[in-house]
Trainee: 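One structure coming up, written as structure tokens, with questions to follow.
Count residues from 1 along the sequence.
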Amino acid sequence: MCLHGFTGTWRTRELVLPVLERHHDVLAPTLLGHAGGPALEGEVSDTVILDATEGAMDDAGFETAHIVGNSLGGYIALRLAARGRAESVVALAPAGGWARGDDSYKETARFFATMQEQLKAAAPHVDAIVASPEGRRSAMHFMATNYEHIPAELIAQHICGVASCKGALPMIEHAIGNGYSLEAEKVTCPVRIVWGTEDRLLPWPSTAARLRSDWLPHADWVELDGIGHCPQLDIPLETAQLILGFTTP
């Protein structure tokens, strides 16, 4: 199962799916409250997205799965592992790893609100933006350091997906008020954590501090020199191999 990041959609996995599907049956849902996914109804809680994602596994007939997640999706993958639903986890720059007492996660959350407003303004002009290399580079600035191979249509979809994420603001407010938690002692499956050294959203290594020191120090840690926040977009073939090398015999 492949889980995308905050304000994204399932299509952020599009460049790695063909390779993964040669070896696995793949479920790639869009998360609750995100564009194209189930609507977020009622108040946000610590478990509302987690419960909805677990429900998607149940509906697909997946009792357990190898779970791959990026950013918010990586955090959800680890929490699903704590519920016993993961055979393994490959987390690409997972959210939630700030050190205890480090409140910079609130700045990151507020930045997402600002970014969404900017992309709402940009969405009516998306065709013009992705028509030029400069526009595509700017659109991918916080996602990937390599953008030339990413189809213009996929970049356009990313812009529109972020702009249309109706659950963003209530989720941001909840994150600011409640932070992140993980029952790390219940994560008993193999875990690989992959992080780009040029991540502009969750900078390495500061935003991984708690994961490295408290929660998952014995995970298989992989640093990607010069790579940004979304390795599956940045270097899709290499990312697919990092996943398959951990999930296939």
Trainee: Cluster question for you: counting only ILVMFWY and a side-chain heavy-atom cut-off of under 4.5 Å, with indirect links fine, are Val26 and Leu31 together?
Mentor: no
Trainee: Do Arg83 and Asp51 meet the salt-bridge criterion of a basic N to acidic O distance under 4.0 Å?
Mentor: yes
Trainee: Can you sort out the partners of Ala52 under side-chain contact (heavy atoms from CB on, under 4.5 Å), two or more places apart, ordered by chain and number?
Mentor: Leu32
Trainee: Donor-acceptor pair, Arg192 side chain versus Leu242 backbone, under 3.5 Å?
Mentor: yes
Trainee: What pairs of donor and acceptor atoms, side-chain ones from residues 112-121 against any protein atom, are under 3.5 angstrom apart with sequence neighbours left out?
Mentor:
unit_1	atom_1	unit_2	atom_2	d
Thr114	OG1	Arg110	O	3.4
Gln116	NE2	Val162	O	3.0
Gln116	NE2	Cys165	O	2.8

Trainee: Is there a path of hydrophobic side-chain contacts, each under 4.5 Å between heavy atoms of I/L/V/M/F/W/Y residues, joining Met1 to Leu72?
Mentor: yes
Trainee: Apply the test side chain to side chain contact (heavy atoms under 4.5 Å, CB included) to residues Val187 and Val89: give CA-CA distance (whole Å), side-chain angles for both, the deciding distance (0.1 Å), then the verdict.
Mentor: CA-CA 10 Å; Val187 179; Val89 169; 5.8 Å; no
Trainee: Can you give me the closest heavy-atom contact between His4 and Gly8, atom names plus distance?
Mentor: CE1-O, 3.2 Å
Trainee: Closest heavy-atom contact between Ile150 and Met140?
Mentor: CD1-SD, 3.8 Å
Trainee: Could you give all pairs that pass the salt bridge (Lys or Arg N to Asp or Glu O under 4.0 Å) test and reach residues 128-140, with sequence neighbours left out?
Mentor: none
Trainee: Do any pairs count as a salt bridge (Lys or Arg N to Asp or Glu O under 4.0 Å) and have a residue in residues 24-41, sequence neighbours left out, and if so which ones?
Mentor: none
Trainee: Taking Thr47 for the side chain and Leu50 for the main chain, is one N or O donor matched with an acceptor at less than 3.5 Å?
Mentor: no
Trainee: Quick one: list whatever passes side-chain contact (heavy atoms from CB on, under 4.5 Å) with Glu173, sequence neighbours left out.
Mentor: none
Trainee: Just verifying a value: how many Å separate Asn178 CG and Asp46 CG, rounded to the nearest 0.5 Å?
Mentor: 5.5 Å
Trainee: Mind listing the side-chain donor-acceptor pairs of residues 154-161 below 3.5 Å, one per line with the distance, residues two or more places apart or on another chain?
Mentor:
unit_1	atom_1	unit_2	atom_2	d
Gln157	OE1	Thr9	OG1	3.4
Gln157	NE2	Thr9	OG1	3.1

Trainee: Among Phe111, Tyr147, Phe6, which one satisfies ring pair (Phe, Tyr, Trp, His ring centres under 6.0 Å) with Phe142?
Mentor: Phe111
Trainee: Would you mind listing every salt bridge (Lys or Arg N to Asp or Glu O under 4.0 Å) that reaches into residues 147-171, with sequence neighbours excluded?
Mentor: Arg11-Glu153
Trainee: With sequence neighbours excluded, what pairs up with Thr248 under the side-chain contact (heavy atoms from CB on, under 4.5 Å) test?
Mentor: His23, His24, Leu244
Trainee: Please test Asp220 against Ile193 for side chain to side chain contact (heavy atoms under 4.5 Å, CB included), starting from the C-alpha separation and ending with a verdict.
Mentor: CA-CA 6 Å; Asp220 179 52; Ile193 300 179; over 6 Å; no
Trainee: Tell me, please, which residues at least two apart from Pro170 pass side-chain contact (heavy atoms from CB on, under 4.5 Å).
Mentor: Leu40, Val44
Trainee: I would like to know whether Ile49 and Met171 meet side chain to side chain contact (heavy atoms under 4.5 Å, CB included); could you show each step before the answer?
Mentor: CA-CA 10 Å; Ile49 298 179; Met171 291 180 200; 3.6 Å; yes
Trainee: So how far is it from Tyr75 OH to Tyr180 OH, rounded to the nearest 0.5 Å?
Mentor: 7.5 Å
Trainee: Check whether any side-chain N or O of Ser104 sits under 3.5 Å from a backbone N or O of Glu107 as a donor-acceptor pair, and report yes or no.
Mentor: no
Trainee: Counting only N and O atoms by type, is there a donor-acceptor contact under 3.5 Å from the side chain of Asp234 to the main-chain atoms of Ile227?
Mentor: no
Trainee: At their closest point, which heavy atom of Arg13 faces which heavy atom of Leu3, and how far apart are they?
Mentor: NH2-O, 2.8 Å
Trainee: Using a 3.5 Å cut-off and no angle test, enumerate the donor-acceptor pairs between side-chain atoms of residues 200-212 and protein atoms at least two apart in sequence or in another chain.
Mentor:
unit_1	atom_1	unit_2	atom_2	d
Arg200	NH1	His141	O	2.7
Trp204	NE1	Glu223	OE1	3.4
Ser206	OG	Pro203	O	3.4
Thr207	OG1	Leu202	O	3.2
Thr207	OG1	Pro203	O	2.8

Trainee: Considering all heavy atoms of both residues, which atom of Ala168 and which atom of Thr7 are nearest to each other, and what is their separation?
Mentor: CB-CG2, 4.2 Å
Trainee: Can you tell me how far CG of Leu80 sits from CD1 of Ile76, rounded to the nearest 0.5 angstrom?
Mentor: 6.5 Å
Trainee: Compare every heavy atom of Cys189 with every heavy atom of Ala86, then report the nearest pair and how far apart it is.
Mentor: O-CB, 3.5 Å
Trainee: Side-chain donor-acceptor pairs under 3.5 Å in residues 56-70, sequence neighbours left out?
Mentor:
unit_1	atom_1	unit_2	atom_2	d
Asp58	OD1	Arg85	NH1	3.1
Asp58	OD1	Arg85	NH2	2.8
Thr64	OG1	Glu87	OE2	2.9
His66	ND1	Ser88	OG	2.7
His66	NE2	Glu87	OE1	3.4
His66	NE2	Thr247	O	3.4
Asn70	OD1	Gln232	NE2	3.1
Asn70	ND2	Leu92	O	2.8
Asn70	ND2	His229	O	3.1

Trainee: Considering only residues two or more places apart or on different chains, which pairs with a residue in residues 28-38 satisfy side-chain hydrogen bond (donor to acceptor under 3.5 Å, both in side chains)?
Mentor: none
Trainee: Starting from Leu216, can I reach Val90 by hopping between I/L/V/M/F/W/Y residues whose side chains sit under 4.5 Å apart?
Mentor: no
Trainee: Taking all non-hydrogen atoms of both residues, which atom of Leu15 and which atom of Pro151 are closest, and how far apart?
Mentor: CD2-CD, 4.1 Å
Trainee: Should Cys2 and Trp10 be marked as a side chain to side chain contact (heavy atoms under 4.5 Å, CB included) after you check the CA-CA gap, both sets of side-chain angles, and the distance that decides it?
Mentor: CA-CA 8 Å; Cys2 295; Trp10 74 269; over 6 Å; no
Trainee: Measure the CD-CG distance between Glu198 and Asp225 for me, rounded to the nearest 0.5 Å.
Mentor: 8.5 Å
Trainee: Tell me, yes or no, whether the heavy-atom count around Glu185 atom CD, taken from other residues, nucleotides or ligands under 6.0 Å, exceeds 12.
Mentor: yes
